[in-house]
Structure formats: structure tokens, C-alpha cells
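Before any comments, here is the structure.
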Amino acid sequence: MVRAVGDRVPQEAVQSLSKGIQLSITVVGAGPAGLTYALRLAELAPHLELLVLEEHGSVGWPPHCAGLVSLATLNREYPRVWRRAVLNTVRGAVIRSRGGSEVLIDAKRGVAAVLDRPRFDQALAEEALRRGVELRLRARVTGVDCSRGVLRLREGRRASFSLLVLATGALASLNEQVGVERPSALLPAINAEYELQEPLEREFVHLYLDSRLAPGFFAWLIPLDEYRARVGLAAPSALRARLRLLEKLDPGGVGLLNSRRVRVYGGYVVTGGPISKPYTSRVLVIGDAAGQAKPTTGGGISILSIAARLAAAATAATEGEWHLAGPRYHEGFKRILGREMRAMLLARKVLSSLNDAQVDALLNALSEAGVVERLSSTSHMDFQRRAILGALRAMWREALANRLLAPALLMGLVRALLG
Ligand SMILES: Cc1cc2nc3c(=O)[nH]c(=O)nc-3n(C[C@H](O)[C@H](O)[C@H](O)COP(=O)(O)OP(=O)(O)OC[C@H]3O[C@@H](n4cnc5c(N)ncnc54)[C@H](O)[C@@H]3O)c2cc1C
């Protein structure tokens, strides 16, 4: 199934690649960013030659993602694709602190889908292939010569490009070669899938704010169905030890310790916000490689789907004058997502400054101030700015009232203001 994508690679693409024949636009990375860009561009400008190079032998593998994506994003950006990859839908989240405070956010309707991420990426690839995009698997790009427009691949192969799109993920291995900064604040993360002994309430995600598990971040449990869950955390070190502790603590009472862990995978979540200039005169950088993930959660699909659409639109609009594509793409991104990203960065910095007792106080403050009810009924998983400002206001009032939160809030704000 997975390899079908590779099997369907048009032979001309392979041949032209090995001969080094000019192909107009080359995308490096067949993750959701690269594939969304390719699909959007193929829709907008079907006459353009478009090649996607992917280092692995199959699209979507190895997986690294928890696969939770808002229905708003999926219905808006991927209406033909996401149902082929959905495992579950959820309507809210239970947030717990180490001290035992608990907040339930319940939208009372499905708000997010839990995806089989490899299947999602493959469905995107199938759509792109249907639109005439050429996809080359096992094609790792090792070097870029921008002045000559040449890519170096393994085994001495080369390919030329007139516009290059880098969608290589969080490690952004080629950014520096093209003179673009790498994303900051990468956090190592681990994800494991469990078969549970006891049935689970499948409509709620669980988030744990506990510095023993995920200092400055959070651990999660995402139901795949009644008897299976994806469990993970992000932390600077000791990921497996922390995962074992999470099993032992079993904060949601789902019997993790006695459950069968069926597979473990990992990656890096991007929490530092977008890089300042994701382009050069003939390169566009999109997705995790451009820091286009939510700083609050590391969730990337909602942000990169918009960025890839903007990058494709800029490419189509500036055809042949590629030096104009980057500024156009970046202006669009800042206009649509700039304020949102800044608010999420502020929230991330404040959250990272809190100790466990302060997190406890914050959850209580949010409950008492009625913020939770408002979040449940009005908040948006992707556009979080209004919810963040509401939460910060409640936190500020709590800080004035009991002083516990004041130092962390002030420190977070100062750090945010200092950049
Ligand atoms: C543990 C974890 C949980 C997450 N959970 C969620 C979640 O629940 N919801 C959500 O929205 N986001 C989540 N994310 C983030 C999400 O996975 C990323 O934002 C998303 O995958 C980024 O897509 P991308 O296409 O930019 O990069 P990637 O998905 O990383 O794809 C990059 C592709 O480029 C290829 N590549 C890299 N270098 C080269 C090269 N030199 N030559 C050829 N190919 C190359 C790679 O093999 C890969 O296929 C999570 C991330 C992690 C680590």
C-alpha cells in the first residue's frame, strides 16, 4: 500500500533526474508541507513541471506525529483527503496538573480528528500524483548549489532546478546551505501506541502538565478508539524514562502500566515560532523547516497547510520571476498568521516559565474566571489568540490576588518582549 506511491512514480521523472534535465520546480521532502505545496501548485498551474524528492522508500514513513488536527483545518484544506486517514474524532480535552487540578474543555461537538499520519501523507501523495506531480522516492538531497541551480543527490546523481522548495521537516537539514536560518526551540518528543485493558472515553484527549514528565511542555494521551491510545511527551532529555514514569503515574487512570505498548516513535516538535525570512531569490522554505508550527503545542498541520497554499499561490503568480515569489509568500503568511503566531509564542514563553504549583494555580484561575466555559464554546484550536489573551487576563487577575503567579507571568512577559 505504502509503496504503491513509489511504484507509480512516472519513469520519465526518474530518467530526467538521472540525466540532470532541467525541471522547473523541485520540492525536497514529501511530508505534508511539500505535498500540500505540490498539490496546490498543480491545481493552480498544471503546466508547470513539478518534482518532489523524498529520501525514504515510502511516503509517511517513519511516522513521528500524534496526528491530532482540527476539523476546521481538515475540512477547509483537505476535504478530499482526510477521511481516508481518520481513526477517531474528539470533542475536547481534559487538562490535568501535577497538583491534581483538572480542567475540562468540551466543545460538545467533534472539533478534531485523530489521523493515521502515514495514511494521510500517502493520500496527499496520491492526490498530487493524480494531478501530474512527479514523485521520486529514495532520493536524498545532500547538497544545494543555489548559484547554479543544482541539487546533489546520493550516488553522485544531480538535478537542476529553477525554483527550489525546501520542506525537509524540523531538522531543516538544507536550510543553512541555502542561507536560511533553521527553526529554533526544537524539543525532542516521544510517541507510543498502547493497547489498553480497560475501555477509554474516546472523545477526549488528555493533557498532563507535570514537570516530571514534560518540563515546560506537556504529555498527552490521544484515543485512537476505545482500546487504543497514542501517548507521548516532549522534553529536553530522558524521554524513555519519562514515558515509563507516565505509565506508572497513569494520570488519566486508564491502566497504562498494564497495557501493551505496541510501537514507539519520536521526532522533534517545533516551538520557537516561524523563522524570520523563509526564502531567498530562488528558494522557498515551508512547514517545520520554516518553524511553521504552533508554539503552544508543536502542532504543524494547520499552520503549514496555510503556508503551503500561500507559497503555491505566490509561485503561480510570479511564474518565471521567482525572486518575487518569496516576499509575496512571506507577506501573506505574516498578514494571515503573524498575530496568531506572536500570541502563541507569548503563551509558550509564559507556560514554560511556570512551575508545577503555578500551573495548578493557573488551572484553578481559569476555572474560576469562567474562562474554561468560554474556551469550550468559542475557542478555536488553530487560531488561539483570543483564547490566549483571555487566559492571560484571568492569570493576571489571579497574580494580583494571590501573588503566586506574578513572578512567572512577569518573567514570561519580559522574555516575550525581549524576543
Ligand atoms: C511527537 C510529535 C507529535 C506531533 N503531533 C502533532 C499533532 O498531533 N498535530 C499536528 O498538527 N502536528 C503534530 N506534530 C508536528 C507535525 O508532525 C509536523 O508539523 C509536520 O509533520 C511537519 O510537516 P513537514 O512536511 O514540514 O515535515 P515532515 O513531516 O517532517 O516531512 C519532511 C519530509 O522531508 C524528507 N526529507 C528531509 N530531508 C530530506 C532530504 N535531504 N532529501 C529528501 N527528503 C528529505 C523527510 O524524510 C520527510 O518525509 C507532531 C510532531 C511530533 C514530533
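Numbering of ligands and ligand atoms starts at 1, following listing order.
Residue Arg117 approaches ligand 1 through these ligand atoms, each under 4.0 Å from one of its heavy atoms: 16 (C), 17 (O), 20 (C), 21 (O), 29 (O).
At least one N/O-N/O distance between Pro32 and ligand 1 falls below 3.5 Å. Ligand 1 has no nitrogen or oxygen under 3.5 angstrom from a nitrogen or oxygen of Ala289. Considering backbone and side-chain atoms alike, Gly267 places every N or O at 3.5 Å or more from each N or O of ligand 1. Backbone and side-chain nitrogen or oxygen atoms of Gly34 are examined, and none is located within less than 3.5 angstrom of a nitrogen or oxygen of ligand 1.
For residues 303-312, every residue pair satisfying the side-chain hydrogen bond (donor to acceptor under 3.5 Å, both in side chains) rule, not counting sequence neighbours, is listed here: Glu77-Arg309. For residues 26-40, every residue pair satisfying the salt bridge (charged side-chain N to carboxylate O under 4.0 Å, His left out) rule, not counting sequence neighbours, is listed here: Arg40-Glu43.
Protein heavy atom in closest approach to atom 31 (O) of ligand 1: Gly31 CA, 3.4 Å. The protein heavy-atom contact nearest to atom 24 (P) of ligand 1 is Ala33 CB, 3.9 Å. The closest protein non-hydrogen atom to atom 6 (C) of ligand 1 is Cys65 SG, 3.3 Å. With hydrogens left out, the protein atom closest to atom 52 (C) of ligand 1 is His64 O, 3.3 Å, a heavy atom.
When Lys334, Arg335, Arg328 are each tested for a salt bridge (charged side-chain N to carboxylate O under 4.0 Å, His left out) with Glu331, only one passes: Lys334. Of the candidates Glu247, Arg260, Arg230, Arg228, Glu247 is the only one forming a side chain to side chain donor-acceptor pair (under 3.5 Å) with Tyr194.
Using 4.0 Å as the threshold, Ala167 has a heavy atom nearer than that to some atom of ligand 1. Using 4.0 Å as the threshold, Ala139 has a heavy atom nearer than that to some atom of ligand 1.
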